[in-house]
Novice: 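Next up is a structure, given as structure tokens.
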Amino acid sequence: MSLPNPPAALARPGHAVTGAGMDGPGNQRRVPLTHPVPNTAGAAADDMPLAARSQRAVWHPCTRLRPDAAANEPPLAIARGEGPWLIDAEGRRYFDAISSWWVNLFGHANPAINAALVAQLNTLEHVMLAGCTHAPAVELAERLEALTGGVLGNAFYASDGASAVEIALKMSFHYWRNTGLSAKREFVCLRHGYHGETVGALAVTDVEIFRDAYDPLTRRAHVVMSPDARQAGRGESAADVAKRALAELEALLRERAGQIAALIVEPLVQGAAGMAMYDPSYLEGARALCDRYRVHLIADEIAVGCGRTGTFFAWEQARGGEPVPAHAWPDFLCLSKGITGGYLPLSLVLSRPEIQRAFVADDIARSFLHSHSYTGNPLACRAALATLDLFAADDVLARNRERAQWLADAMAGIAADPRVSHVRQRGMIWAADIDPEATGPDFASRFHLAARERGVLARPIGNTLYVMPPYVFDAALANWLGEQLLGTLQAILPPTEEARHAA
Ligand SMILES: *Cc1c(COP(=O)(O)O)cnc(C)c1O
């Protein structure tokens, strides 16, 4: 690990490796429960608390199962949602500071998305997309293409982020094969990059805790230096770090471009790496290198898309603030998570028209024969259209610039703590690293539980504290959030020297 954030490798996008000393609710031992569990001795399953039934009946994701069952922290049972709030059975409210694994954009039970879904539900719930089509899938594809200025289109639908990544990888490889370059079958990813956990996506994921057990199953990608700005040496800027990372990429491409199909990156922010942020010049530089060496560029905007970084697509910032010319866009762009407003599983891959042209042939072997049963589900597409409507109607990107400032102001107290470093923000993502010497072990889990006591759902990644809230808060709520997070930090860290002297 070369990053100044050792436990980062343990983090999944918003996911906790619960139980692995990580950021999740399952990994806190013997900490008082947020809500009392009624005495259920001898009760029928129906009378058991939901959390206990869940532990029995549901195999929870990213969760360690301890041999001592009592050591497995019950999941937080949520009864309903309302705007940025999650509400448990006892009516306790939790501010969803991480947008429920980075998916929610406009709050829970959003009236506009609800209404659109009810209407769709009463019209068409699902139809297969092979040989059939429907208005929501078509309209969504058209609107997303328009959002790229017409550069990327041919929306290929799937359900989860990892499937979109698999599709982009397969399409890239197949494109080269169809164009007579079948030796190009290797991929390049960034150090600590995360692209999902199916076997193909794991091959381009450099997060040991998710990858190592399955390494024998994967065809490991080349891993090159991340432009993570935290690696800046004395006197070095974020742009200098990006330059170093580009030099390493170029060295690899110079050597092996004949075997390499594509480079995959998370533009601007590597989420699972611990909200590692980097200089946009890396994107422009990587694009130029991919052109020079004839390698595809895949932008995984599953986490950073849909306005998270301040623009609808993170890639729009590849030239600082200047408009990105058509040739400087990626070849493939993957979207998921926020695209349905956090309502339903939907992912998709946009690509350049010339990609699809390589699949136009009478020979079926040249076709892209990839499918999922629920590809382009009408309900999911309708939720996505309602989400795009909200962006347009409420001028969300402009208003988020204001919200981003409220967030920065609200976190100023944390940023000022001497144990906090690398305070960073890109749009609606704010993050900072807490000195591991000060936190001791299991910071993420302890913070998570302590924040819950204060009505905030937060899940640090390793020693990185971050917030990525839905776009539905005002300055007062941001301040409240900042106070709760600061209070949580002070509650779980020993007092600083200064505080001790003051006391
Ligand atoms: C979450 C995520 C994925 C995987 O998406 P799933 O829906 O969890 O499969 C892929 N890439 C990035 C950057 C992500 O944040």
Side-chain angles (χ1 to χ4, degrees), residues 8-18 23-24 60-63 98-105 156-170 187 189-207 209-211 214 218 221 226-228 262-278 283 297-309 313-315 330 332-350 372 374-375 377 380 383-384 426-429 431 459 461 464 466 468:
L10 300 178
R12 201 216 120 116
H15 295 203
V17 175
T18 51
D23 67 336
H60 284 264
C62 249
T63 302
I98 50 167
S99 299
S100 288
W101 269 357
W102 316 352
V103 300
N104 192 286
L105 298 190
F156 196 102
Y157 290 110
S159 312
D160 293 290
S163 325
V165 168
E166 302 266 348
I167 287 162
L169 299 177
K170 282 175 70 179
F187 297 98
C189 65
L190 301 185
R191 174 86 49 216
H192 301 145
Y194 177 92
H195 300 286
E197 291 166 52
T198 53
V199 174
L202 270 181
V204 290
T205 287
D206 185 48
V207 179
I209 197 166
F210 301 121
R211 190 202 57 209
Y214 310 103
T218 65
S226 158
D228 181 352
L263 163 72
I264 183 166
V265 301
E266 295 159 88
L268 299 180
V269 184
Q270 291 184 285
M275 300 300 154
M277 299 186 188
Y278 60 86
L283 301 178
L297 204 159
I298 303 170
D300 176 352
E301 298 226 3
I302 290 166
V304 296
C306 303
R308 284 291 177 198
T309 67
F313 298 110
W315 200 275
F332 300 90
L333 190 147
C334 305
L335 275 188
S336 187
K337 291 205 165 98
I339 187 63
T340 61
Y343 265 64
L344 287 161
L346 179 72
S347 65
L348 57 100
V349 180
L350 301 175
H372 297 283
Y374 282 99
T375 288
N377 173 260
R426 178 74 67 183
M428 300 296 281
I429 309 173
R459 300 160 74 104
I461 297 175
T464 296
Y466 77 92
M468 198 198 273

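Counting convention: from 1, in listed order, for ligands and their atoms alike. Quick note: residue numbers are just sequence positions, from 1.
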Novice: Of all the atoms in ligand 1, which lie at a distance below 4.0 Å from a heavy atom belonging to His195?
Specialist: 10 (C), 11 (N)
Novice: Do Glu197 and Thr205 have side-chain atoms, one donor and one acceptor, less than 3.5 Å apart?
Specialist: no
Novice: Do the non-hydrogen side-chain atoms of Phe332 and Leu350 ever get within less than 4.5 Å of each other?
Specialist: no
Novice: What part of Trp101, side chain from CB on, backbone N/CA/C/O, both or neither, has a heavy atom under 4.0 Å from ligand 1?
Specialist: neither
Novice: Atoms of ligand 1 less than 4.0 Å from Lys337 heavy atoms?
Specialist: 1 (C), 2 (C), 3 (C), 14 (C), 15 (O)
Novice: Given Gly305, Ser336, Ala162, identify the one with the heavy atom nearest to atom 4 (C) of ligand 1.
Specialist: Ala162
Novice: May I ask you to list the atoms of ligand 1 that are less than 4.0 angstrom from any heavy atom of Ala303?
Specialist: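 So the answer, numbered in order with elements, is 15 (O).
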Novice: Under the side chain to side chain contact (heavy atoms under 4.5 Å, CB included) criterion, do His195 and Ile264 qualify, and how do the steps go?
Specialist: CA-CA 9 Å; His195 300 286; Ile264 183 166; 3.5 Å; yes
Novice: Looking at every heavy atom in both Leu169 and Phe187, which two are closest together, and how far apart are they?
Specialist: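 Leu169 and Phe187 have their closest heavy atoms at O-CZ, 3.4 Å.
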Novice: Are the side chains of Trp101 and Pro61 in contact, using a 4.5 Å heavy-atom criterion?
Specialist: yes
Novice: When rounded to the nearest 0.5 angstrom, what is the spacing between CG in Asp300 and OH in Tyr194?
Specialist: 9.5 Å
Novice: I need the contact type for Asp160 against ligand 1. Using non-hydrogen atoms and a strict under-4.0 Å cut-off, is it side chain, backbone, both or neither?
Specialist: both
Novice: Which of the atoms in ligand 1, numbered in the order shown and given with their element, are less than 4.0 Å from a heavy-atom of Asp300?
Specialist: 10 (C), 11 (N), 12 (C), 13 (C)
Novice: For Gly196, take its heavy atoms, then give the atoms of ligand 1 lying under 4.0 Å from any of them.
Specialist: 4 (C), 10 (C)
Novice: Tell me the closest heavy-atom pair linking Ala158 and Ser163, and the distance in Å.
Specialist: CB-CB, 3.8 Å
Novice: Which of the atoms in ligand 1, numbered in the order shown and given with their element, are less than 4.0 Å from a heavy-atom of Gly161?
Specialist: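 With Gly161 as reference, the close atoms of ligand 1 come out as 4 (C), 5 (O), 6 (P), 7 (O), 9 (O).
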